Amino acid sequence: MAKKRILSGMRPTGKLHIGHYVGALENWVKLEKSGEYESFHLIADYHVLTTDLDTSNIYEYSIDMLIDWLACGLNPEKSPMFRQSKIKEHTELYLLFTMLITKARLERNPTLKEQVRDLELENLTFGHLGYPVLQAADILLYKGNAVPVGEDQVPHVEITRDLARKFNLQYGEVFPEPEPVLTKFSRLPGLDGQAKMSKSLNNTILLSDDAETVKQRLRKAVTDPLKVRKNDPGRPEVCAIFTYQQRFNEESIQEIETGCRSGALGCVECKLKCADKMNLFLGPIIEKRKYYEERIDEVKDILAAGEQKAKQVAEATMNEVHNKMKIG
Ligand code: TRP
């Protein structure tokens, strides 16, 4: 029997941060290593256009993101990594899917509503409203069974399931109904204490940040506002640093929680401990990043090979679609 497929993707908007890692990328690496799935990793460059029409850096950003992926341990021998815009089948399947979903269904999308609020958008483009339809085409073109994403993407996987079901009912069975796969930290808080770490909020720690930068950024991070002096008792449950400790300093978490609550542990010391652990984690990633930065031709070859493999799978799926629909 054929292996189940993972389809994962991210928008290339610059260097990745630790929220990307603990929210999704960590799962990509784990699922790929498990050998239970066949993985496809998509660089969603068309999707960037929904919120930013400036394409002048999009290629550099795509290469930079690919380097982050490789540095985190994704294996290009096992899984194709490719740009959406290189595989034209995405646009065709997207067009067909737009006929199978109502405008009202897309307007109900909570992730879209959140974006409209955060980016203070007054008017939506047709393409932005259709964002999840393009994402559904990304996933279903490769017959993805599982989609490892952050929490904010779950509504898009729901829409993908709706579209798969609708297509299969109308034209015959082609697509699986994919499931989202979440991590324990599917939404990592930002350094400013906001609910989400995000480039646009400038509250991130990048996977490529060096040890000194990590220390400085953490030093300025917002903690429990009621813990003003060192010996004041703190509330770990409202503190972003505590969440980071849970992920990067798991072995000392009991001690940190007790120290924070009693007031014995001050925020400055807690942040230093956190920075040390984060830097231990980031060290090997930065090393590997350097390797690829010095070998950009190798990175470009990885992309070209991935695009060739992805294209074959996409063509095969579209053949099935054409046959079922008697079109194309
Ligand atoms: N919307 C995703 C994000 O912002 C990126 C994405 C595009 C994606 N296509 C995908 C994720 C397909 C998973 C599967 O993170």
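Numbering of ligands and ligand atoms starts at 1, following listing order. Bear in mind the structure is a predicted one, so any value in this text is a computation, not a measurement. Nothing fancy with the numbering, it's 1 onward along the sequence. Every heavy atom of this structure was used, including side-chain atoms; hydrogens, water molecules and symmetry mates were not.
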Inset, instruction - State whether Phe242 and Lys227 meet the cation-pi test: NZ (Lys) or CZ (Arg) under 6.0 Å from the six-membered ring centroid, and within 45° of the perpendicular axis. - result: no

For [X], the ligand 1 atoms whose distance to one of its heavy atoms is below 4.0 Å:
{"X": "Arg11", "answer": "4 (O)"}
{"X": "Ala44", "answer": "7 (C)"}
{"X": "Leu7", "answer": "12 (C), 14 (C)"}
{"X": "Ile139", "answer": "12 (C), 14 (C)"}
{"X": "Val147", "answer": "13 (C), 14 (C)"}
{"X": "Leu42", "answer": "9 (N), 10 (C)"}
{"X": "His47", "answer": "7 (C), 9 (N)"}

To which protein heavy atom is [atom] closest, and what is the distance rounded to 0.1 Å?
{"atom": "atom 9 (N) of ligand 1", "result": "Asp138 OD2, 2.7 Å"}
{"atom": "atom 1 (N) of ligand 1", "result": "Tyr131 OH, 2.6 Å"}
{"atom": "atom 10 (C) of ligand 1", "result": "Gln135 CG, 3.5 Å"}

Is the backbone of [Y] close enough, under 3.5 Å, to the side chain of [X] for a donor and an acceptor to pair up by distance?
{"X": "Arg217", "Y": "Thr204", "answer": "yes"}
{"X": "Asp232", "Y": "Val228", "answer": "yes"}
{"X": "Thr111", "Y": "Gln153", "answer": "no"}
{"X": "Asn168", "Y": "Phe175", "answer": "yes"}

Inset, instruction - Give yes or no for whether the N/O distance cutoff of 3.5 Å, strictly under, is met between Ser8 and ligand 1. - result: no

Legend entry - Short N or O distance, Gln153 and ligand 1, threshold 3.5 Å exclusive: yes

Inset, instruction - Identify which of Gly9, Gly23, Pro178 has a heavy atom lying nearest to atom 11 (C) of ligand 1. - result: Gly9

Between the side chains of [Y] and [X], is the shortest nitrogen-to-carboxylate-oxygen separation below 4.0 Å, so that they form an ion pair?
{"X": "Lys88", "Y": "Glu92", "result": "no"}
{"X": "Lys113", "Y": "Glu107", "result": "no"}
{"X": "Lys273", "Y": "Asp276", "result": "no"}

Inset, instruction - Check whether any side-chain heavy atom of Tyr244 sits under 4.5 Å from a side-chain heavy atom of Leu218, and report yes or no. - result: yes

Inset, instruction - Tell me which part of Asp152 gets within contact of ligand 1: side chain, backbone, both or neither, using heavy atoms under 4.0 Å. - result: neither

